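To start, the structure itself, in structure tokens.
The sequence lines fix the lettering, A, B, ..., with proteins before strands; numbering per chain opens at 1. Since the model is a prediction, treat every value here as computed from it, not as a measurement.
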There are 2 protein chains.
Amino acid sequence: MAILEQEERNEYLCVHEDTVRKVLKEMPPEEDLYDLAELFKVFGDSTRIKILYALFAAELCVGDIAQLLGMSQTAVSHQLRVLRTNKLVKGRKEGKIVFYSLSDDHVRTIIDQGMEHVDE
Amino acid sequence: MAILEQEERNEYLCVHEDTVRKVLKEMPPEEDLYDLAELFKVFGDSTRIKILYALFAAELCVGDIAQLLGMSQTAVSHQLRVLRTNKLVKGRKEGKIVFYSLSDDHVRTIIDQGMEHVDE
DNA sequence: GTATCATATGAATAGATGTTCAAATGATTG
DNA sequence: CAATCATTTGAACATCTATTCATATGATAC
């Protein structure tokens with residue numbers, strides 16, 4: 001009885017074992033996949049995308065971005081922190097003002113590639 | 001007094017108006033930026049990234065993927081729905097089994113580009 | 001028809017995430 | 001030094017999201 005109940009609860013999966021084994025060999029390490037997802041997560045917010053697009057055009061301070069997006073300065077600052085932590089933007093301090101710009105061209109390439117897909 | 005209080009509450013933003021105007025002109029339409037963020041959001045989950053990577057290697061049914069990732073069949077099915085809705089994967093029905101594969105090569109390009117950034 | 005298997009769906013729940021508010025830092029000016 | 005400005009930080013709150021559980025659909029086999 002107990003065994004039958006256990007079997008009832010069991011999930012019978014349709015599995016093609018050979019294929020699964022083959023695919024498993026070709027999978028990158030867990031950590032890389034996790035990091036990749038984390039990277040895309042950063043791009044997966046419209047506020048951050050807007051900030052990055054704005055920085056395509058010019059170096060901007062926090063206030064500029066807030067004005068541009070019609071958002072509070074704090075909200076922008078929080079998002080800039082996310083972008084900074086993930087090395088997508090960098091800040092240059094000039095007196096009290098911090099001017100932000102893109103870290104490298106990789107950022108632009110990734111976004112452009114995504115935009116191509118969206119444009120279809 | 002009332003006016004002063006209002007001013008106290010006011011957020012004084014540091015804004016370079018000329019720059020902001022220039023950048024504003026070069027910004028893509030709101031909707032495109034929103035769609036782009038939505039696209040990246042789909043890539044921004046490690047389960048979905050793993051599924052996509054698995055589909056790089058072979059056409060797989062739901063059970064295969066569940067086994068491969070060590071996840072429940074339902075969890076995988078829910079994520080496949082997200083990927084299907086966003087046209088990143090497509091399903092081919094053969095009897096009771098649904099075989100999933102990538103919709104197009106764009107998916108691979110975007111992920112590869114992201115992985116390059118992570119690998120640094 | 002019923003039974004079984006593969007997948008899908010809906011509701012519920014727990015955890016993550018973005019914005020706001022209040023307060024703190026850091027730099028300039030008088 | 002105090003006052004002001006630009007930015008940052010932390011906590012609170014509301015919303016979103018991924019997984020689980022239970023159930024439903026859809027297809028094959030008996």
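- Distance, B/Leu60 CG to C/dA6 P: 15 Å, rounded to whole Å.
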Where do N or O atoms of nucleotides 2-6 of chain D meet protein N or O atoms at under 3.5 Å, pair by pair?
unit_1	atom_1	unit_2	atom_2	d
D/dA6	OP2	B/Tyr12	O	3.4

Side-chain donor/acceptor pairs under 3.5 Å, residues 37-46 of chain B, sequence neighbours excluded:
unit_1	atom_1	unit_2	atom_2	d
B/Glu38	OE2	B/Lys41	NZ	3.1
B/Asp45	OD2	B/Thr47	N	3.1
B/Asp45	OD2	B/Arg48	N	3.1

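- B/Val62 and A/Met27 end up in the same hydrophobic cluster when Ile, Leu, Val, Met, Phe, Trp and Tyr side chains are linked at under 4.5 Å.
- Mapping A/Gly95 and A/Val82 onto DNA chain C by nearest heavy atom places A/Val82 at the nucleotide closer to the 5' end.
- If B/Gln79 and B/Lys93 are placed on DNA chain D by their nearest nucleotide, the residue sitting closer to the 5' end is B/Gln79.
- Annotation: ring pair (Phe, Tyr, Trp, His ring centres under 6.0 Å) contacts of B/His106 (sequence neighbours excluded): A/His117.
- Annotation for A/Pro28 and A/Leu33: closest pair O-CD1, 3.6 Å, computed over non-hydrogen atoms.
- Dashed line: the shortest gap from a side-chain N or O of B/Ser72 to OP1 or OP2 of D/dT19 is not under 4.0 Å.
- The two residues A/Val76 and A/Ala66 make their nearest non-hydrogen contact at CG2-CA, 3.7 Å.
- Across the helix from C/dG1-D/dC30 to C/dG30-D/dC1, the helix axis at one end is tilted relative to the axis at the other end by 10° (nearest 10 degrees, each axis from five pairs).
- Side-chain atoms of A/Arg92 and A/Tyr100 include no donor-acceptor pair closer than 3.5 Å.
- B/Phe99 and B/Phe56 fall into different hydrophobic clusters, where Ile, Leu, Val, Met, Phe, Trp and Tyr residues are linked whenever their side-chain heavy atoms come under 4.5 Å apart, directly or through other members.
- Rounded to an integer number of Å, the gap from NZ of A/Lys90 to P of D/dT7 is 17 Å.
- Across B/Glu59 and B/Ser101, no two heavy atoms sit closer than the pair CG-CB, 4.4 Å.
- The CG atom of B/Leu83 sits 15 Å away from the C1' atom of C/dA8 (whole-angstrom rounding).
- Across all strands shown, A/Tyr100 has heavy atoms under 4.0 Å from sugar-phosphate atoms exclusively, and none from any base.
- Of the residues in residues 38-52 of chain A, those lying under 4.0 Å from DNA chain C by heavy-atom distance are A/Lys41, A/Asp45, A/Thr47, A/Arg48.
- For the pair B/Asp64 CG and C/dA6 C1', the interatomic distance rounds to 11 Å; values are reported in whole Å.
- The hydrophobic side chain of B/Tyr34 is isolated, with no ILVMFWY side chain under 4.5 Å apart from it.
- The interatomic distance linking A/Met71 (CE) with D/dT7 (P) rounds to 15 Å, in whole Å.
- If you check D/dT19, C/dT9, D/dT9 against the side chain of B/Ser77, the one that comes closest is C/dT9.
- Of all heavy-atom pairs between B/Val107 and B/Leu88, the closest is CG2-O, 3.8 Å.
- Taking atom NE2 of A/His16 as the reference point, atom C1' of C/dC5 lies 13 Å away to the nearest angstrom.
- Put simply, CD on B/Gln67 is 15 Å from C1' on C/dA6, counting in whole angstrom units.
- The minimum heavy-atom distance linking B/Gly114 with A/Leu36 is given by the pair C-CD1, 3.4 Å.
- Side-chain N/O atoms of B/His78 and base N/O atoms of C/dT7 include no donor-acceptor pair closer than 3.5 Å.
- Heavy-atom minimum distance, A/Val15 versus B/Gly63: CG2-O, 3.8 Å.
- A straight line from CG of B/Leu80 to P of C/dA6 spans 16 Å, rounded to a whole angstrom.
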